[in-house]
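In what follows, chains are A, B, ... by sequence order, proteins preceding strands, each numbered from 1. This one's a predicted model, so the numbers in the text were calculated from it and none came from an experiment.
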Number of protein chains: 2
Amino acid sequence: MVMPRSGGHISAAPPTLADVAELAGVSRQTVSNAVNNPDLLRADTLARVQDAIDKLGYQPNRAARSLRTRASHLIGLRMPALQEGTANAMMDRFVHTFVEAAAETGYHVLLFYGDPADPLDGYDELLRSTAVDAFVVTDTHLGGQQTTWLQSRRARFVSFGRPWTQPDAKHPWVDVDLAYGAEIATEHLIERGHSKIAWIGWHKDSLLGEERRSGWIHAMHTHGLSTTGLASRTEDSISSGKAAADAILDETEPTALVCASDTLAMGVLHSLFERRLRLGEDIAVVGFDDSQVAQTVPPGITSVRPPLEEAARELVKALEELLATPSYAAPGVMLKPVLTVRGSS
Amino acid sequence: MVMPRSGGHISAAPPTLADVAELAGVSRQTVSNAVNNPDLLRADTLARVQDAIDKLGYQPNRAARSLRTRASHLIGLRMPALQEGTANAMMDRFVHTFVEAAAETGYHVLLFYGDPADPLDGYDELLRSTAVDAFVVTDTHLGGQQTTWLQSRRARFVSFGRPWTQPDAKHPWVDVDLAYGAEIATEHLIERGHSKIAWIGWHKDSLLGEERRSGWIHAMHTHGLSTTGLASRTEDSISSGKAAADAILDETEPTALVCASDTLAMGVLHSLFERRLRLGEDIAVVGFDDSQVAQTVPPGITSVRPPLEEAARELVKALEELLATPSYAAPGVMLKPVLTVRGSS
DNA sequence: ACCATGGCTTGGAACGATCCAGAGTTTCAC
DNA sequence: GTGAAACTCTGGATCGTTCCAAGCCATGGT
């Protein structure tokens, strides 16, 4: 080494292992050990090296480390498509906690973008260039394309969402039991004295929708209540929520409505608004997701709140194990949502 | 080279430059040129190399490339703190477009987490480890700590938000002219025939708040309307929005309210809800941010919509220039919001 | 006094790409 | 036909780190 780089003329380049080694009077490898395996060093050497590290403000170069160890300490997360409804706000909360939890274990999150029309777009490039150590997949209910493809490429990943279409999938996953969510929502209404409780949900081909619907049915039947004429299936949008509410209010006059999403619940609110019915007084409404909207609309919409924070933490935990043990096959984790009760019921 | 790695036994490691070079019968450097400076190669050589690249599915290793070129092609974005109100949904929309725009120019976004109590937390580590090429800073209105610190570290960054407290800052920035936003919101109400238009805003020490407030004042005075007794300043929360609305509705009986945020507007809605006043009929309300909530609450809240997509694209453009020309000093870009009119006015 | 043991430290090689300087080939003007 | 310039292509060095195998040194048993 001819000259310490840190003494450079222009904007000092970051110090390297060699700089620290020189200052501490040890070899490069010893500094490396001080950082990665401190217990290999004698106490006094360690202290000396630590001093030098602090003095120079040394921080291992990520690229060099990645190159050598074949680990980037980055987790890839494909930016979920922006949705019309309230679901992306939920994703936001999830992403937030995930980033936080990942940071605690030394991982950062690499956000990437993929053409919404192609569920696989974006993954391949990052995988081939070994840019990330693993992925988090979020939209498993849209079909197993992403997970099967990743599996075939021997990529590491965990999913937020059970492997709906592949019960034998071996990757770690975390999901929220929203059938149970619908059940507690319905039971809450029954406790409040309602018996004509309608369901406004999604189309039959929506796995998530049928899942939630089953919870409503189960609760109704358990309590000996009829569901005939009380179910309606539609798109997940405000306008179709309104239309569905209009129809069902005209036909069967329920006293309470359980909606498969806060978006649909908002549609219901539009219907009530037109009919000059007072939410929470004339009629009760329960939604799903506990979105910003549900929290803020007066008088507040009772909503099924998925434990996103817990889910994120569980996923990070699974990721850690997966990356430590390549063959790691975790059992899926199913979390229970809670009902946040507000003025709407 | 003893053995091509691609012919390996277990899970084939990704192909390297050397593998491609061997297959195409050229040197490593030629392959590198084929990828980065195709016009340096003779047409037939290029074709041959391209074939080999395609056949092997070669993708340059990011870590190796980063190490050599000292560029990671990652942009650091510190996860904004989760807020009570509606502002984070706005950030979500911004982040989304930003990731998309960045992807188009070959950059990915590295999300990181920092202790909310320390606005600088997280930056240093990434900077020292040369993990990112640049940062996007978002909360400039909270004081110039982040930008001054980054500047002192000679870090590259752009900010979404003007340099409020340092008019001489030299970094590129993009911001939205929300004084103008308040102005068009107020004028919209004046056009609708209102003359007693109240302002519900933030505390005096909020730069953003005073900015917006000035637009309301300007519009009112331009049209010869008085503002006395019509302004109120409070926290950015639903409950304080409600309290402020309660007070002002009791005292001065305005026919319209302009709120500094959708969160405050929601607070107003709570007040109206209690008073059984009908939004958009008995009284008009305009908010800021055009959040999910404003879009979905019946009958919809008229709101000032910041052009987040455009802002994100402008920022990416500035970043590109900044990274190409280290000394690049861009003029700041000020964008104009538009008013999304809904049922509340 | 000698060798084995274990604790601590070291220099060389490697990860996979690009930079650099030079070598070989072609082109073209004189 | 010759030399210079332009065009292609190449091998070696390098970025900053960790892996690997070996070296040094004190300890302790024989």
Side-chain angles (χ1 to χ4, degrees), chain A residues 1-6 8 12-49 52-53 56-73 128-131 133, chain B residues 1-6 8 12-49 52-53 56-73 128-131 133:
Chain A
M1 175 129 303
V2 185
M3 208 184 249
R5 312 158 79 283
S6 44
T16 71
L17 260 192
D19 298 331
V20 178
E22 196 184 17
L23 180 60
V26 295
S27 74
R28 288 188 329 263
Q29 183 57 45
T30 300
V31 179
S32 174
N33 285 336
V35 174
N36 301 307
N37 302 81
D39 38 328
L40 285 183
L41 302 202
R42 219 170 41 208
D44 61 323
T45 316
L46 179 58
R48 198 149 36 95
V49 176
I53 288 178
L56 295 178
Y58 169 75
Q59 191 88 18
N61 179 303
R62 264 183 113 89
R65 179 178 266 188
S66 279
L67 175 57
R68 186 66 244 229
T69 63
R70 297 164 172 288
S72 64
H73 280 251
R128 280 212 165 85
S129 61
T130 62
D133 293 345
Chain B
M1 175 129 304
V2 187
M3 213 186 244
R5 313 158 78 287
S6 44
T16 72
L17 260 193
D19 297 331
V20 177
E22 196 185 17
L23 181 59
V26 294
S27 74
R28 287 189 329 262
Q29 184 57 46
T30 300
V31 180
S32 174
N33 285 336
V35 174
N36 301 306
N37 303 81
D39 37 328
L40 286 182
L41 301 202
R42 219 172 40 210
D44 61 324
T45 316
L46 180 58
R48 199 149 35 96
V49 176
I53 288 179
L56 295 179
Y58 170 74
Q59 191 88 20
N61 179 304
R62 264 184 114 91
R65 179 178 267 187
S66 279
L67 175 57
R68 187 66 244 229
T69 63
R70 296 164 171 287
S72 65
H73 281 253
R128 281 214 165 83
S129 61
T130 64
D133 293 345

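For the helix from dA1(C)-dT30(D) to dC30(C)-dG1(D), the terminal axes (five pairs an end, C1' atoms, rotation from four pairs onto the next four) enclose an angle of 50°, given to 10 degrees.
Judged by closest nucleotide on DNA chain D, Leu40(B) is the one of Leu40(B) and Leu67(B) placed further toward the 5' end. Mapped onto DNA chain C by nearest heavy atom, Gln59(B) and Arg42(B) fall at different nucleotides, with Gln59(B) at the one closer to the 5' end.
Pro14(A) approaches Thr130(B) most closely through the heavy-atom pair CG-CG2, 3.8 Å. Here the closest non-hydrogen pair linking Arg62(B) and His73(B) is NH2-O, 3.5 Å.
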Report task. Walk me through it: do Ile53(B) and Val35(B) pass the test side-chain contact (heavy atoms from CB on, under 4.5 Å)? Result -> CA-CA 9 Å; Ile53(B) 288 179; Val35(B) 174; 3.9 Å; yes
Report task. Determine, step by step, whether Asp19(A) and Thr16(A) satisfy the side-chain contact (heavy atoms from CB on, under 4.5 Å) criterion, reporting the C-alpha distance in whole Å, the side-chain angles of both residues, the deciding distance to 0.1 Å, and the verdict. Result -> CA-CA 5 Å; Asp19(A) 298 331; Thr16(A) 71; 3.5 Å; yes
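The shortest distance between the side-chain N/O atoms of Asn36(A) and the OP1/OP2 oxygens of dT18(D) is below 4.0 Å. One finds no side-chain N or O of Thr69(A) lying less than 4.0 angstrom from the OP1 or OP2 phosphate oxygen of dT18(D). When the side-chain nitrogen and oxygen atoms of Thr30(B) are compared with OP1 and OP2 of dT10(D), one or more of them lie within a distance under 4.0 Å. Contact between the side-chain N/O atoms of Ser27(A) and the OP1/OP2 oxygens of dT10(C) is found at a separation under 4.0 Å.
Remark: the Arg28(B) side chain and the dT18(C) base include a donor-acceptor N/O pair separated by less than 3.5 Å. For Arg68(A) and dA14(C), a side-chain-to-base donor-acceptor distance below 3.5 Å is present, hydrogens and geometry of angles not being considered.
Using modelled atom types, no side-chain atom of Ser129(B) and backbone atom of Asn61(A) make a donor-acceptor pair closer than 3.5 Å. Ser72(A) contributes no side-chain N or O that, together with a main-chain N or O of Ser66(A), makes up a donor-acceptor pair within less than 3.5 Å. At least one donor-acceptor pair under 3.5 Å links the side chain of Thr69(B) to the backbone N or O of Arg65(B).
In this structure, Asp44(B) places its CG atom 10 Å from P of dT8(D), rounding to the nearest Å. Rounded to whole Å, atom P of dT17(D) lies 18 Å from atom CZ of Arg70(A). Rounded to an integer number of Å, the gap from Leu41(B) CG to dC7(D) C1' is 11 Å. Across the protein-nucleic acid pair, Glu22(A) atom CD and dG16(D) atom P stand 14 Å apart, rounded to whole Å. Taking atom CZ of Arg128(A) as the reference point, atom P of dA17(C) lies 13 Å away to the nearest angstrom. Per the geometry, CG belonging to Asn33(B) stands 16 Å off C1' belonging to dG16(C), to the nearest Å. Across the protein-nucleic acid pair, Leu46(B) atom CG and dC7(D) atom P stand 17 Å apart, rounded to whole Å. Distance, Asp39(B) CG to dC9(D) P: 12 Å, rounded to whole Å.
Side-chain proximity of Arg65(A) to the nucleotides dT17(D), dC9(D), dT18(C) is greatest for dT17(D). Looking at the side chain of Gln29(B), the nearest of the listed nucleotides dT17(D), dC20(C), dA17(C) is dC20(C). When distances are taken from the side chain of Asn61(B) to each of dC15(D), dG16(C), dT17(D), the shortest belongs to dG16(C).
Note on Ser66(A): nothing from the nucleic acid sits closer than 4.0 angstrom, heavy atoms only.
Rounded to the nearest 0.5 Å, atoms OG1 (Thr30(A)) and CG (Leu46(A)) are 11.0 Å apart.
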